[in-house]
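Input: a single structure, listed below in structure tokens.
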Amino acid sequence: MIGRMLVANRGEIAVRVARACRELGIEVVAVYSTSDRNSAVVDLADEAVHIGPPAPRRSYLHVANIVEAALRTGADAVHPGYGFLSEDPDFAEICAAEGLTFVGPPPAVMQQMGNKATARRLMADAGLPLLPGVVEPVGSVDEAREVAERIGYPLIIKAAAGGGGRGMTVVREAADLAEAFTTTRATARAVFRDPAVYVERHLARARHVEVQVLCDTHGNGVSLGERDCSLQRRHQKLLEEGPAGHLSPEQRAELGRLAVHGALSVGYTGAGTMEFLVDGSGAAYFMEMNARIQVEHPVTELLTGVDLVREQILVSAGRRLQLTQADVVPRGAAIECRINAEDPARGFAPAPGRLDVLQVPDGPWTRFDTGYRQGDTVPPDYDSLLGKLVVWAPDREQAIRRMDRALAELRVEGPGVHTTVGLHRALLRDPDVTADRHDIQFLDRQLPEVLARAASLADAPEPGLPAARGSLSLVQTPAAEAQPDSTPPEGPTPCPTRPSLSATS
């Protein structure tokens, strides 16, 4: 069993992993950059190690410093969280060479699934459906034209090593192909240090559905249901929910079966996500696999009652899955809103700063995952995610109303700080969103209207969504007793700091 875990990350996911370790009786080692020296995970940890200045490449992406920190503090395992080094097979390999258990899949599997072209080929071999296109990288404009003539327009050019919504270009007409191909390859080279791209048919008005899988080192795997992640801006997810209400029970079961089969076919272990595009008829096409824990994993946790980070850690320690597929019974509906320190009115420009006020919502089945506390400063050096607001309810309509209530309670104030809270409240009032008719291009089409609605909410805040039609409750409640408590809870207070060790090189 793992005795001491180094958490190679920051922010809310570092806190999330530290809490899971605490519950398992595992000691926690935090690493931090100079700007995170007073962060929540540092206070939670048994030991904290300074690994460098704020710049990620000199701290959270500095493999030598992180491995040295693990060895000097006596850690026997490393949890990478998501982002940073979480899908870096070289980092996983170095950890293994130093005798450190890496909480994730084997490096070779990570290498295969991290390359989208390779992953497509492997999943095609496993029998998963793909959109028309190619499974190998396309090397020239002429070759791209040949593919386009075969599959037709619109098509999409994707960086084989891409991720995070970058390195993708939709091409609608033949005249735009050459420039799009050249530009996407240049972006792939600059961002991912790999110019390889592939081409597939672009599925308009699609839904983005991902299936959560969990596999152990003994050849067992289960699906923990799916999440719909179709509300995106420029391929960046803003809101995730589960289950995908537009799928029938039969489609849902088949998608789960395909996801587990695909993962086991390549020897995957740990928590991972198989991502699909789903068309209007419910036909699903494999897109990619994320070989790590996802930002939106709390949606699945609330639906199933399974602690995914705990299971990740236990699987990495060699334990067989205690779950069978029959044990996984998702119930109700869950929604997650990503609360980013961004200003939607200024093109989603980062809006970091000091959190003079951070009062988080509370109440039934309401969860706020964050790495920040009132008085902390959101630095400009990292991802703008401030926290994740997640709710559960017996059905989707109640979940939407609960999320709106929670968003109204969330207070984030400070000089220069803006958030996406208003945008989320506006989204939850859009008739296409409430009716579950949106798709992955919805926000790109409707953004001006959504922003206008968000601005009107800021000028004249509404206490909540309009009264619902019909019964929403499992137990009827008299109208007089159904008034929500408008008093926000007290915000969290900083914990005392602990001494730290420096391993900066």
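What you see is a predicted model, and the numbers here were worked out from it, not measured in a lab.
The minimum heavy-atom distance between Leu44 and Ala18, with the atom names listed, is CD1-CB, 4.4 Å. Summarising the geometry of Gln232 relative to Cys229, their closest heavy-atom pair is NE2-O, 2.7 Å, with the distance given to 0.1 Å. Val378 approaches Ala341 most closely through the heavy-atom pair CG1-CB, 4.3 Å. Shown here for Gly262 and Leu128, the closest heavy-atom pair between the two residues is CA-CD1, 4.1 Å.
Between the Arg252 side chain and the Ala244 main chain, a donor and an acceptor come within less than 3.5 Å of each other. Under a 3.5 Å cut-off, the side chain of Asp430 and the backbone N or O of Leu427 do not form any donor-acceptor pair. Distance alone, capped at 3.5 Å, places no donor-acceptor pair between the Glu311 side chain and the Ala271 backbone. A donor-acceptor pair under 3.5 Å links the side-chain atoms of Thr73 to the main chain of Ala70, judged by distance alone. Thr370 contributes a side-chain N or O that, together with a main-chain N or O of Leu386, makes up a donor-acceptor pair within less than 3.5 Å. Side-chain N or O atoms of Arg453 include one that pairs as donor or acceptor with a backbone N or O of Ala426 at under 3.5 Å. A donor-acceptor pair under 3.5 Å is formed between the side chain of His79 and the backbone N or O of Gly81. Side-chain N or O atoms of Arg292 include none that pairs as donor or acceptor with a backbone N or O of Glu87 at under 3.5 Å.
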In residues 101-114, what donor-acceptor pairs under 3.5 Å come from side-chain atoms, sequence neighbours left out?
none

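A donor-acceptor contact under 3.5 angstrom links the side chains of Gln294 and Glu275, judged on distance only. Side chain to side chain, Gln446 and Glu449 meet the donor-acceptor criterion of an N or O pair below 3.5 Å. In this model, no donor atom of one side chain and acceptor atom of the other lie less than 3.5 Å apart for Arg10 and Ser39. Between the side chains of Tyr32 and Ser59, no donor-acceptor pair of N or O atoms lies under 3.5 Å. Side-chain atoms of Thr269 and Thr217 include no donor-acceptor pair closer than 3.5 Å. Thr420 and Glu342 share no donor-acceptor pair across their side chains, judged by distance under 3.5 Å alone. Side-chain N/O atoms of Ser140 and Asp142 include no donor and acceptor closer than 3.5 Å.
Between Arg445 and Asp439 there is a salt bridge, since a side-chain N of the basic residue sits under 4.0 Å from a carboxylate O of the acidic one. Salt-bridge formation is detected for the pair Asp43/Arg373: a Lys NZ or Arg NE/NH1/NH2 atom is positioned less than 4.0 Å from an Asp or Glu carboxylate oxygen. Salt-bridge annotation for Glu210 and Arg227: present, with a side-chain N of the basic residue lying under 4.0 Å from a carboxylate O of the acidic one. Using a 4.0 Å cut-off between charged nitrogen and carboxylate oxygen, Glu136 and Arg120 do not count as a salt-bridge pair.
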Side chain to side chain contact (heavy atoms under 4.5 Å, CB included) evaluation trace for Glu336 with Met403: CA-CA 8 Å; Glu336 174 181 289; Met403 176 60 79; 5.7 Å; no

Full working for side chain to side chain contact (heavy atoms under 4.5 Å, CB included) between Glu288 and Met274: CA-CA 6 Å; Glu288 65 184 29; Met274 288 285 191; over 6 Å; no

Candidate pair Gln212 and His297, rule side-chain hydrogen bond (donor to acceptor under 3.5 Å, both in side chains), full reasoning: CA-CA 8 Å; Gln212 179 70 59; His297 75 272; over 6 Å; no

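Other residues, nucleotides and ligands contribute more than 12 heavy atoms inside 6.0 Å of the CD atom of Glu254. More than 12 heavy atoms of other residues, nucleotides or ligands shown are found within 6.0 angstrom of CZ on Arg437.
Aromatic ring pairs are classed by plane angle as parallel below 30°, tilted from 30° to 60° and perpendicular above 60°; the pair Phe84 and Tyr60 is parallel.
Partners of Arg207 by salt bridge (charged side-chain N to carboxylate O under 4.0 Å, His left out), not counting sequence neighbours, listed by chain and number: Asp228, Asp436. By the side chain to side chain donor-acceptor pair (under 3.5 Å) test, His424 is found to be paired with no residue, residues two or more places apart in sequence or in another chain being considered.
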